[in-house]
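In what follows, a structure is listed as structure tokens, so that the remarks can point back to it.
Numbered from 1 within each chain, the chains take letters A, B, ... in sequence-line order. Scope of the values below: all heavy atoms of this structure, side chains included, with no hydrogens, waters or symmetry mates. From a predicted model like this one, the values you see are computed outputs, not experimental measurements.
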Amino acid sequence: MTTDISPPDTTVPAAGVVVPEKPTLDGLEEKWIAEWASSDVYAFDRAAALAAPRDRTWSIDTPPPTASGSLHVGHVFSYTHTDFVARYRRMRGKHVYYPMGWDDNGLPTERRVQNYYGVRCDPSLHYDASFEPPDKPGKEQVPVSRRNFVELCMRLTEEDEAEYEKLWRRVGLSVDWSDVYRTISESSRATAQRMFLHNLARGEAYAQEAPTLWDVTFRTAVAQAELEDRERPGAYHRIGFSSREGVVYIETTRPELIPACVALVAHPDDERYQPLFGKTVRTPLFDVEVPVLAHRLAEPDKGSGIAMICTFGDLNDVTWWRELQLPTRPIVGWDGRILADPPPGVPARPYDELAGKTVFSAQQRIVELLRESGHLDGEPTPITHPVKFFEKGDRPLEIVTTRQWYIRNGGRDADLRDALIARGREIQWVPEHMRHRYENWVEGLNGDWLISRQRFFGVPFPVWYRLDDEGEPLYDDPILAPEETLPVDPSSDVPAGFTESQRGRPGGFMADPDVMDTWATSSLSPQVASGWDTDPELFAHVFPMDQRPQAHDIIRTWLFSTVVRSHFEFGSAPWSHATISGFVVDPDRKKMSKSKGNATTPIDVLERYGTDAVRWRAAGARPGADSPFDETQMKVGRRLAIKILNVGKFMLGLGASAALSADQVTEPIDRALLATLAGVVDEATAAFEAFNYTRALEVAESFFWSFCDDYVELVKSRAYRSDAAAQSAQATLAIALSVQLRLFAPVLPFVTEEVWSWWQAGSVHRAAWPVASELPSGGDPAIVTVAAESLAGVRKAKSDAKVSMRADVQTATIIAPAEQAPLVEAVRSDLTDSGRIAQLSVLEGSGPLTVQVVLAPAEE
RNA sequence: GGGCGCGUAGCUCAGCGGUAGAGCGCUCGCCUUACAAGCGAGUGGUCGCAGGUUCGAACCCUGCCGCGCCCACCA
């Protein structure tokens, strides 16, 4: 595609109409992106909005894309879906509040910064104001202070965000670019901290020392919503525990956890183990005495029916440990290695054989030891089984006891769970069935929401702890940052009544070391985007927001967590509508992956087919439905855009102009055409009201093609004339063009704006959405159908004879039902003109309309 | 194992109780003074399978089969 936007040669077919000689899609994007920016077409008029009733505003809680990620065609589609709605609502006269945000805090950014600059964060280092990262990342990551690291995060995300903005402008998103937020910005941090303090004050947030799912690579806790299962090879090891009643065999995939064993458990009804309940057995190798207990969660038909409870191998262990009130014998450290010292009561030998090893190596060693000691019965049986992973991690999760912050989410409270499900029912889901995903998730929660992360680039908890005389933190009595001081960074800010020199000293204080999970801040996107912390007047007007667009994969995370925060703070749902997009998938129906290659890079596709064509294809993916990536479809959209250019030019050349009005439409076929169009307008409007942009486009497009192929063909010779009938055609063409450009404007913003600009003032995107009442009433749509059928009959005869459509017809006889014959008469002259019919007879007949044609002899 | 969605023309999908539809593809034509990046005419389907309800079922009900997504299970 060329970028030549120099003004093309123009003709001036009618007053005020300026049409290029050779219309082209090339250069339209550059031209209109610049024009829209300079004329602020999409600016939100805050004063006017606030002065108007609430329902004149449409506010959108745009998903802030992860700034450090990479956008693919799927993102382009779903953001475009939102833009369809935004543009429609704007044309309906709404003040559309449509900000864009960037989700730039959190682990994805940290990872990108580490790789991009070749650095890693070492919080023990001091800030180096002159630090510059190496030009190219070296083999060894350079350790930098937390502040240096955060600065690099800020720098890189700013660069990334500028690129994103360019792409979104290219996609034609009608966001107000003067209103962009970042989840790491000062006001976002203040919002997140303030909201957290409110949660804390109301008892919705709390800290607890508890077993937590732990990623050993990132060395951070992770939340239930961030888990995923992956199939991993493993093996059942059949291992004997000795007891007075004889050897008891358990089967385990994690024999390295034997030193962490605190009990065996079987189902209370399992007769095999009845005699053992209440007795003890001794662990192999370590000879630690552990009880045999009964619990309903033990499954008799799994393994040998009796399981080893370790602290902690999996979430079942946590349940058993808690409900059976067992002691803790932790052996896995934060780094995923076996702790240097055995837990109390576990002998140093052979524990020292495992200490410091990775879980994997420890398993190998312990199997050797078990084999030598004879405790291993037979050989391990290889299996494949699902193992829990952090969705962004690549090593299995461990469970480690740590102190973490939580927000209640109903996972441990049935009343709250019910309240949150009720909130979900206040939201109108598009499509409706997506509500089930929400309810399914809420009903399956098994614990509160863990929001703290042991990371660096995020919103810190605005909390310090006093240190006692031993230098131990007094967690029960935290020092909270006063709200007027937010945002704070407790690792550099000092709480009132202390000095920096007291940091980390006995009798002094320490900062809470953690940051909030990215969902803990992005769950506040309505607050951040709407100015809860910065512009209360605006917030009061636009919140609860009207629309939350997002994809279905993050209902359990972003959508749910946003509902939780809104429920607690405002006692309401955060939005009235949740519009859920599907994915763009491979031809084989798999979710499109980023590694799929250049073909799906958005900018590449946009350049090859043009933005309007890509948007047209996006409109073909109904709300919530996955859609396969198929480039041949883009060509169809491109064809439509070109057709709009060409027919627009032609219609204006025929004399259509903005000066003509509906009362000049006198011919029956013209009135009929506009009556049909009125029906199309009604249908498209109803579809858009239901967020069904696919249907809205479909009806407009279907009308448009028959309009071009039938109506324009029928009337063009009449329109060339200069009598009242010609004027009727010209007025009809003008009205039809205006209405159709507006119908297409939300989906095809560039080409519609281009054609609009040839003969209308202002932007089509600020023009009013068409309504049936602006079209003359009383036309009979049946005339259009009858005319099209008649014309088709003539065309078929020419096509069958393999002659040009220009071939002359000697006689044509249309035999039509009694009620249709007069309709044919009403279009007689248009029919004879466009069909080149010398003599047309119209007869009444009984069957459906038929056309008999005698072609004129071919001229030499 | 539970939930949700989906199986209609070669492909992508509408239709969701009254004679099977669109676009793409394919075939055959046509330089027609807007567009050959176009126009015209065709081709193509026991609507996943089996029962049931109904005068009538692609559409409603039941049960299967297949595909996809989410969740659970992890001894």
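- C4(B) atom P lies 18 Å from atom CH2 of W441(A), rounded to whole Å.
- Here, C6(B) and G45(B) have their P atoms 26 Å apart, quoted to the whole Å.
- What separates CZ of F583(A) from C1' of G5(B) is a distance of 14 Å, to the nearest Å.
- Within the 4.0 angstrom heavy-atom criterion, base atoms lie near K643(A).
- A donor-acceptor pair shorter than 3.5 Å cannot be found between the side chains of R622(A) and S627(A).
- For S243(A), the side chain to side chain donor-acceptor pair (under 3.5 Å) test picks out no residue, with sequence neighbours left out.
- Across the protein-nucleic acid pair, H552(A) atom NE2 and C6(B) atom P stand 13 Å apart, rounded to whole Å.
- Taking atom CD1 on I580(A) and atom P on C69(B), their separation rounds to 18 Å, with Å as the unit.
- Side chain of I642(A), nearest nucleotide from A41(B), C73(B), A37(B): A37(B).
- Residues passing the side chain to side chain donor-acceptor pair (under 3.5 Å) test with D710(A), sequence neighbours excluded: R795(A).
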(request) Give RNA chain B the dot-bracket treatment, 5' to 3': Watson-Crick (N1-N3 with N6-O4 or O6-N4) or G-U (N1-O2, O6-N3) under 3.5 Å, [ ] crossing, | other strand. (result) ((((((((.[[[[.)..(..]]]].(((((.......))))).....[[[[[..)....]]]]])))))))....
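- Of the two residues contacting RNA chain B, namely K388(A) and E713(A), the nearest-nucleotide position lying further toward the 5' end is that of E713(A).
- The nearest heavy atom of RNA chain B to L297(A) and to L791(A) marks one nucleotide each, and the one closer to the 5' end goes with L791(A).
- Between the C1' atoms of C39(B) and U32(B), the separation comes to 7 Å (whole Å).
- Of the candidate nucleotides C35(B), G40(B), A72(B), G40(B) has the atom lying nearest to any side-chain atom of R795(A).
- A salt bridge links E631(A) with R608(A); the closest basic N to acidic carboxylate O contact falls under 4.0 Å.
- With distances taken from any side-chain atom of N440(A) to the nucleotides U12(B), A72(B), G2(B), the minimum falls on G2(B).
- When the P atom is compared between A50(B) and A41(B), the two are found 38 Å apart, to the nearest whole Å.
- Using a 4.0 Å heavy-atom criterion, one finds that E299(A) contacts the bases of the nucleic acid, with or without backbone contacts as well.
- At a threshold of 4.0 angstrom between heavy atoms, the contacts of Y438(A) with the nucleic acid are absent.
- When the side chain to side chain donor-acceptor pair (under 3.5 Å) test is applied to R272(A), the partners found at least two apart in sequence or on another chain are D270(A).
- For L645(A) and A36(B), the CG to P distance is 13 Å, given to the nearest whole Å.
- No contact: R254(A) has no heavy atom under 4.0 Å from any strand.
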Atom pairs and distances, donor-acceptor, side-chain atoms in residues 299-312 of chain A, under 3.5 Å, two or more places apart:
{"unit_1": "S304(A)", "atom_1": "OG", "unit_2": "Y249(A)", "atom_2": "O", "d": "2.7"}
{"unit_1": "T311(A)", "atom_1": "OG1", "unit_2": "R329(A)", "atom_2": "N", "d": "2.7"}
{"unit_1": "T311(A)", "atom_1": "OG1", "unit_2": "R329(A)", "atom_2": "O", "d": "3.2"}

Could you list, one pair per line, each protein nitrogen or oxygen that sits under 3.5 Å from a nitrogen or oxygen of nucleotides 20-30 of chain B, together with the distance?
{"unit_1": "C28(B)", "atom_1": "O2'", "unit_2": "K802(A)", "atom_2": "NZ", "d": "3.3"}

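- Rounded to an integer number of Å, the gap from CG of L654(A) to P of C35(B) is 12 Å.
- Picking from A34(B), C69(B), A14(B) the nucleotide with the shortest atom distance to the side chain of R437(A) gives C69(B).
- Using a 4.0 Å heavy-atom distance criterion, E228(A) is classed as making no nucleic acid contact.
- Comparing the same atom, C1', in A22(B) and in A9(B) gives a spacing of 11 Å after rounding to whole Å.
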Tell me which donor-acceptor pairs under 3.5 Å the side chains of residues 252-263 of chain A have, and how far apart each pair is, sequence neighbours excluded?
{"unit_1": "T252(A)", "atom_1": "OG1", "unit_2": "R254(A)", "atom_2": "N", "d": "2.9"}
{"unit_1": "R254(A)", "atom_1": "NE", "unit_2": "E256(A)", "atom_2": "OE2", "d": "3.0"}
{"unit_1": "R254(A)", "atom_1": "NH1", "unit_2": "E398(A)", "atom_2": "OE1", "d": "3.2"}
{"unit_1": "R254(A)", "atom_1": "NH2", "unit_2": "E256(A)", "atom_2": "OE2", "d": "3.3"}
{"unit_1": "R254(A)", "atom_1": "NH2", "unit_2": "E398(A)", "atom_2": "OE1", "d": "3.2"}
{"unit_1": "R254(A)", "atom_1": "NH2", "unit_2": "E398(A)", "atom_2": "OE2", "d": "3.0"}
{"unit_1": "E256(A)", "atom_1": "OE1", "unit_2": "Q363(A)", "atom_2": "NE2", "d": "2.9"}

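- Taking the salt bridge (charged side-chain N to carboxylate O under 4.0 Å, His left out) definition, one finds that D830(A) meets it with R718(A), sequence neighbours left out.
- Contact annotation for T253(A): backbone-only contact, meaning every heavy-atom pair under 4.0 Å involves sugar-phosphate atoms and none involves a base.
- C6(B) atom C1' lies 14 Å from atom CZ of R622(A), rounded to whole Å.
- When rounded to the nearest whole Å, the span between CG of D800(A) and P of U43(B) equals 11 Å.
- Using a cut-off of 4.0 Å between Lys/Arg side-chain N and Asp/Glu carboxylate O, R230(A) and E391(A) are scored as not salt-bridged.
- Nucleotides C49(B) and A57(B), compared at atom P, are 15 Å apart to the nearest Å.
- A salt bridge is absent between D215(A) and R395(A); no separation between the charged side-chain nitrogens and carboxylate oxygens falls under 4.0 Å.
- Interface remark: the N316(A) side chain does not form any donor-acceptor pair with the C73(B) base, using a distance-only criterion of under 3.5 Å.
- Note on D317(A): nothing from the nucleic acid sits closer than 4.0 angstrom, heavy atoms only.
- With C1' as the reference atom, G44(B) and G38(B) are 24 Å apart, rounded to whole Å.
- Across A14(B) and A58(B), the matching C1' atoms stand 12 Å from one another, rounded to whole Å.
- Scanning for side chain to side chain donor-acceptor pair (under 3.5 Å) contacts around Q633(A) gives an empty result, with sequence neighbours left out.
- The K796(A) side chain lies nearest to A41(B) when the options are A41(B), C73(B), C39(B).
- Residues W616(A) and V636(A) form a side-chain contact, since some pair of their non-hydrogen atoms from C-beta on lies under 4.5 Å apart.
- Closest approach to the D709(A) side chain among G5(B), C39(B), A34(B) is made by C39(B) (side chain taken as heavy atoms from C-beta onward).
- A distance of about 15 Å separates the C1' atoms of C31(B) and A37(B), rounded to the whole Å.
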